[in-house]
Amino acid sequence: ADQWSTPLAQLATEQGWRLITLLKASCAVSDIAAYNNRLRRDWPECTEWRNRAMAEIRRLQPDLVVVSQFSSGYIQGPWTSRGNHAVTYEEWQEGLQRSLQQLRAANVPVLLLRDTPSPGRNVGTCIARSRWRGMPEANCDTPRLNALDPTISPLERAVAASVGVR
């Protein structure tokens, strides 16, 4: 979600908006169990962060909440590094619905951004190597079909529609 911080901050500055960012690396907005691969343990800190973020949003009553997460990083499949700790599509969908319902219950308008694409490699390293070798940077492009789990977008749209989120 942090990849949106810079463009949103620029937009907020241009429009005279106040922007408050609530994010925690590797924690989903979806109300799902978290596991930290580095610590090799369940990670209740994500649930605590999500609960505090929701409480802060209810307190602030903002004009808009922009929601983004690397959904495919939490779901079983080729985009996750969570192994046995990854959730099913159904668990993720139910968790997202719970989180968005909490926001809507607080009477807060919500904009859900679609899943974050994954290039499957370190793009900075790829570009540096391409430049060093005198090759086009386009060698580092990732086709959309390879960067996004095609199952997630329809599920995101379904969840958003079910709770009245854009």
Side-chain angles (χ1 to χ4, degrees), residues 1-15 17 19-37 43 46-47 49-51 53-54 56-58 60 62-83 85-124 126-127 137-138 140-166:
D2 192 32
Q3 73 273 15
W4 298 111
S5 295
T6 300
L8 285 173
Q10 182 178 353
L11 181 62
T13 299
E14 291 169 2
Q15 298 296 319
W17 300 337
L19 176 68
I20 299 171
T21 304
L22 302 172
L23 55 85
K24 181 169 177 60
S26 299
C27 290
V29 174
S30 295
D31 181 13
I32 56 174
Y35 182 84
N36 187 303
N37 287 339
W43 207 21
C46 281
T47 301
W49 164 80
R50 186 172 37 261
N51 291 340
M54 293 290 186
E56 182 69 1
I57 291 167
R58 283 190 301 273
L60 291 170
D63 293 328
L64 179 67
V65 172
V66 179
V67 174
S68 175
Q69 62 185 349
F70 180 42
S71 299
S72 52
Y74 304 104
I75 300 171
Q76 295 169 357
W79 288 273
T80 188
S81 62
R82 297 179 188 275
H85 302 283
V87 299
T88 65
Y89 287 111
E90 184 178 349
E91 290 169 322
W92 169 83
Q93 187 176 16
E94 290 169 356
L96 180 60
Q97 187 163 20
R98 282 190 300 273
S99 293
L100 295 180
Q101 283 173 332
Q102 277 190 303
L103 293 169
R104 293 300 295 139
N107 201 27
V108 175
V110 178
L111 174 64
L112 175 64
L113 301 180
R114 73 183 293 189
D115 191 22
T116 302
S118 176
R121 66 180 165 277
N122 184 312
V123 175
C126 183
I127 289 173
E137 294 175 5
C140 301
D141 292 351
T142 301
R144 182 180 297 203
L145 287 174
N146 297 343
L148 288 167
D149 181 337
T151 306
I152 291 178
S153 285
L155 294 176
E156 287 173 327
R157 283 192 295 274
V159 171
S162 75
V163 296
V165 167
R166 297 184 271 160

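Here the side chain of Asp115 pairs a donor or acceptor atom with the backbone of Ser71 at under 3.5 angstrom. Side chain of Arg121 to backbone of Cys140: a donor-acceptor contact under 3.5 angstrom is found. In this structure, Gln69 contributes its side chain and Ser30 its backbone to a donor-acceptor pair below 3.5 Å.
How far CG of Leu155 is from CD1 of Ile75: 7.5 Å, rounded to the nearest 0.5 Å. A distance of 9.5 Å separates CD in Gln101 from CG in Leu96, rounded to the nearest 0.5 Å. Note: Asn36 CG to Arg82 CZ = 8.0 Å, rounded to the nearest 0.5 Å. In this structure, OG1 in Thr13 is found 10.0 Å from CD in Gln15, a value given to the nearest 0.5 Å. Note that CG of Leu60 is 4.5 Å distant from CD1 of Ile20, once rounded to the nearest 0.5 Å. With rounding to the nearest 0.5 angstrom, the CG atom of Leu64 is 8.0 Å from the CH2 atom of Trp17.
The two residues Leu19 and Ser5 come nearest to each other via the heavy atoms CD2-O, 4.4 Å. Nearest heavy-atom pair, Glu156 versus Arg114, reported as atom, atom and distance to 0.1 Å: OE1-CA, 3.4 Å. Of all non-hydrogen atoms in Ser68 and Gln3, the two that sit nearest each other are OG-NE2, 4.2 Å. Between Gly164 and Arg104, the shortest heavy-atom distance links the atoms O-NE, 3.4 Å. Nearest approach of Tyr74 to Cys27, heavy atoms of both residues: OH-C, 3.2 Å. Between Ile57 and Pro62, the closest heavy-atom pair is O-CD, 3.4 Å.
For the pair Arg58 and Gln102, the minimum side-chain heavy-atom distance is below 4.5 Å. Contact of the Leu8 side chain with the Thr21 side chain is not registered, since no non-hydrogen atoms from C-beta on lie closer than 4.5 Å. Contact check for Asp149 versus Tyr89: side-chain heavy atoms found under the 4.5 Å cut-off. Residues Val66 and Trp4 form no side-chain contact, since every pair of their non-hydrogen atoms from C-beta on lies 4.5 Å or further apart.
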Intermediate values then yes/no, side chain to side chain contact (heavy atoms under 4.5 Å, CB included), Val67 and Leu103: CA-CA 10 Å; Val67 174; Leu103 293 169; 4.0 Å; yes
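No more than 12 heavy atoms of other residues, nucleotides or ligands lie within 6.0 Å of CD in Glu90, so this atom counts as exposed by the packing criterion.
The salt bridge (Lys or Arg N to Asp or Glu O under 4.0 Å) search around Asp31 returns Arg50, Arg98, not counting sequence neighbours.
Side-chain contact, Gln97 with Gln93: no donor N or O sits under 3.5 Å from an acceptor N or O.
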